[in-house]
Amino acid sequence: MASSKPPLKVTISPGARAELKAIYAYNAEHRSPVEADRWEDFLLEGIDQLTVNHPDGKIVQGFPGLQEVTLRRSNRGHGHVVIYRVDLEAQNIRILHIYHTRQDISGRLRREGNW
């Protein structure tokens with residue numbers, strides 16, 4: 001029987017945690033606390049899926065070693081882009097940022113530089 005590799009561990013950077021809080025606050029204020037809970041659950045579930053699906057992410061152009069995956073609840077709506085780095089040696093995926101799809105992601109990455 002072949003052994004399967006264990007899923008990688010996910011860690012969320014302080015910056016990404018702050019971005020999650022800001023997303024929650026925005027949704028709670030502009031939609032409802034119930035919708036904010038749903039969206040946060042959706043994002044965290046998508047992040048958790050990276051433990052086994054991390055190779056599905058795209059390389060972030062101009063940022064060696066960074067990958068991205070876009071999470072949307074529907075095919076036509078906006079969503080959020082999760083920026084992450086995979087460290088296979090440490091068996092870890094580090095979530096660096098969570099940006100709205102309308103944001104200038106490469107510009108923010110250049111400005112923030114903490115990746």
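Every heavy atom of this structure was used, including side-chain atoms; hydrogens, water molecules and symmetry mates were not.
A pairwise comparison of heavy atoms in Ser74 and Gly77 identifies OG-N, 3.3 Å as the closest pair. Looking at every heavy atom in both residues, Ala36 comes nearest to Ala28 through CB-N, 3.5 Å. For the pair Pro14 and Arg94, the tightest heavy-atom approach, listed with the atom from each and the gap, is CD-NH2, 3.7 Å.
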Please report, to 0.1 Å, the donor-acceptor pairs under 3.5 Å made by any side chain of residues 46-66, with sequence neighbours excluded.
from, atom 1, to, atom 2, distance (Å)
Thr51, OG1, Asp48, O, 2.8

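For the atom pair CZ (Arg72) and OG1 (Thr101), the distance works out to 5.5 Å, reported to the nearest 0.5 Å.
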task = Would you please test Lys9 and Ile93 for side-chain contact (heavy atoms from CB on, under 4.5 Å) and show each step?
result = CA-CA 6 Å; Lys9 179 183 173 195; Ile93 297 171; over 6 Å; no

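Side-chain contact check for Leu88 versus Leu8: some heavy-atom pair is nearer than 4.5 Å. Contact check for Arg108 versus His97: no side-chain heavy atoms found under the 4.5 Å cut-off. Residues Val10 and Tyr84 form no side-chain contact, since every pair of their non-hydrogen atoms from C-beta on lies 4.5 Å or further apart.
Each side-chain hydrogen bond (donor to acceptor under 3.5 Å, both in side chains) pair with one or both residues in residues 32-42, not counting sequence neighbours, appears once here: Tyr24-Asp37, Glu35-Arg73, Trp39-His80.
Cluster partners of Val34, using a side-chain heavy-atom cutoff of under 4.5 Å among ILVMFWY residues and allowing indirect links: none.
In the model, His78 has a side-chain atom that pairs as donor or acceptor with a side-chain atom of Arg102 under 3.5 Å.
A distance-only check finds a donor-acceptor pair linking the side chain of Glu19 to the backbone of Ile98 [under 3.5 Å]. Using a distance-only test at 3.5 Å, with no hydrogens or angles considered, no donor-acceptor pair links the side chain of Thr70 to the main chain of Val81.
Ile23 and Ile12 fall within the same hydrophobic cluster, where Ile, Leu, Val, Met, Phe, Trp and Tyr residues are linked whenever their side-chain heavy atoms come under 4.5 Å apart, directly or through other members. Note on Leu109: it clusters hydrophobically with Leu96, by side-chain heavy-atom contacts below 4.5 Å among ILVMFWY residues. Following chains of ILVMFWY side-chain contacts shorter than 4.5 Å, one cannot reach Tyr99 starting from Leu20, and the two form parts of different hydrophobic clusters.
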